[in-house]
Amino acid sequence: MRIAIGSDHAGYEDPPPHYKPAITEHLQSRGYEIIDCGTNGPDSVDYPDYADKVCDAVLDGSADLGVLICGTGIGICMAANRHKGIRGAPVATEDMARLSRSHNNSNVCCLGKRILSLDECINLLDIWLDTPYSHHPRHQRRIEKMG
Ligand code: RB5
């Protein structure tokens with residue numbers, strides 16, 4: 001399973017631990033192959049550019065799922081959801097992690113560095129990754145209506 005990961009500068013915001021490398025390392029320790037879409041340092045960048053890179057990787061099949069990090073998880077999620085076929089979920093609670101997978105079949109998990117501790121991010125991401133899509137017809141119908 002391949003995961004594309006991207007963040008804006010919030011992924012490298014001091015104080016350490018820096019979320020993007022720490023989350024990358026966690027995913028690798030779980031056996032996922034990582035596609036690093038940047039950014040790779042603390043210089044200020046624009047979150048839509050990194051949302052685009054991750055979404056392109058998911059949509060062209062080079063990644064199975066995507067993970068995005070910005071300050072709140074909101075802006076980068078908005079940018080992700082401009083891509084047809086991307087279902088980006090802003091994940092801030094365990095229910096959001098679980099239900100965005102089982103009901104919405106979300107394919108990009110969006111996390112907020114300034115909202116969540118690193119441990120919370122990792123816990124939410126693990127729940128998100130470990131929750132399968134339900135494939136229930138009512139959920140599938142709703143997803144299909146979104147295109
Ligand atoms: C960047 O400072 C910040 O605006 C961004 O990371 C994010 O929180 C936007 O939604």
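Counting convention: from 1, in listed order, for ligands and their atoms alike. Please read these numbers as outputs of a predicted model, since none were measured by experiment.
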Original post:
Is a salt bridge present between Lys53 and Asp56, judged by a nitrogen-to-oxygen distance below 4.0 Å?
Top reply: no

Among protein heavy atoms, which lies nearest [atom], and at what distance?
| atom | answer |
| --- | --- |
| atom 3 (C) of ligand 1 | Arg114 NH1, 3.8 Å |
| atom 10 (O) of ligand 1 | Gly75 N, 2.9 Å |
| atom 8 (O) of ligand 1 | Thr72 N, 3.0 Å |
| atom 9 (C) of ligand 1 | Tyr47 CE2, 3.4 Å |

Donor on one side chain, acceptor on other, [X] and [Y], under 3.5 Å:
| X | Y | answer |
| --- | --- | --- |
| His135 | Asn105 | no |
| Asp119 | Asn123 | no |
| Gln140 | Tyr133 | yes |

Subject >> Candidates Leu27, Leu129, Ile5 - the one meeting side-chain contact (heavy atoms from CB on, under 4.5 Å) with Leu65 >> reply: Leu129

Subject >> Identified side-chain contact (heavy atoms from CB on, under 4.5 Å) partner of Ile143 from the options Arg138, Arg87, His103 >> reply: Arg87

Ligand-residue contact atoms, ligand 1 with [X], heavy atoms, under 4.0 Å:
| X | answer |
| --- | --- |
| His9 | 1 (C), 2 (O) |
| Asp8 | 1 (C), 5 (C), 6 (O) |
| Gly71 | 5 (C), 6 (O), 7 (C), 8 (O) |
| Cys70 | 6 (O), 7 (C), 8 (O), 9 (C), 10 (O) |

Original post:
Short question: side chain of Arg101, backbone of Ser106 - any donor-acceptor pair under 3.5 Å?
Top reply: yes

Original post:
Does ligand 1 have any atom sitting under 4.0 Å from a heavy atom of Met78?
Top reply: no

Subject >> Non-hydrogen atom of Lys113 closer than 4.0 Å to ligand 1 >> reply: no

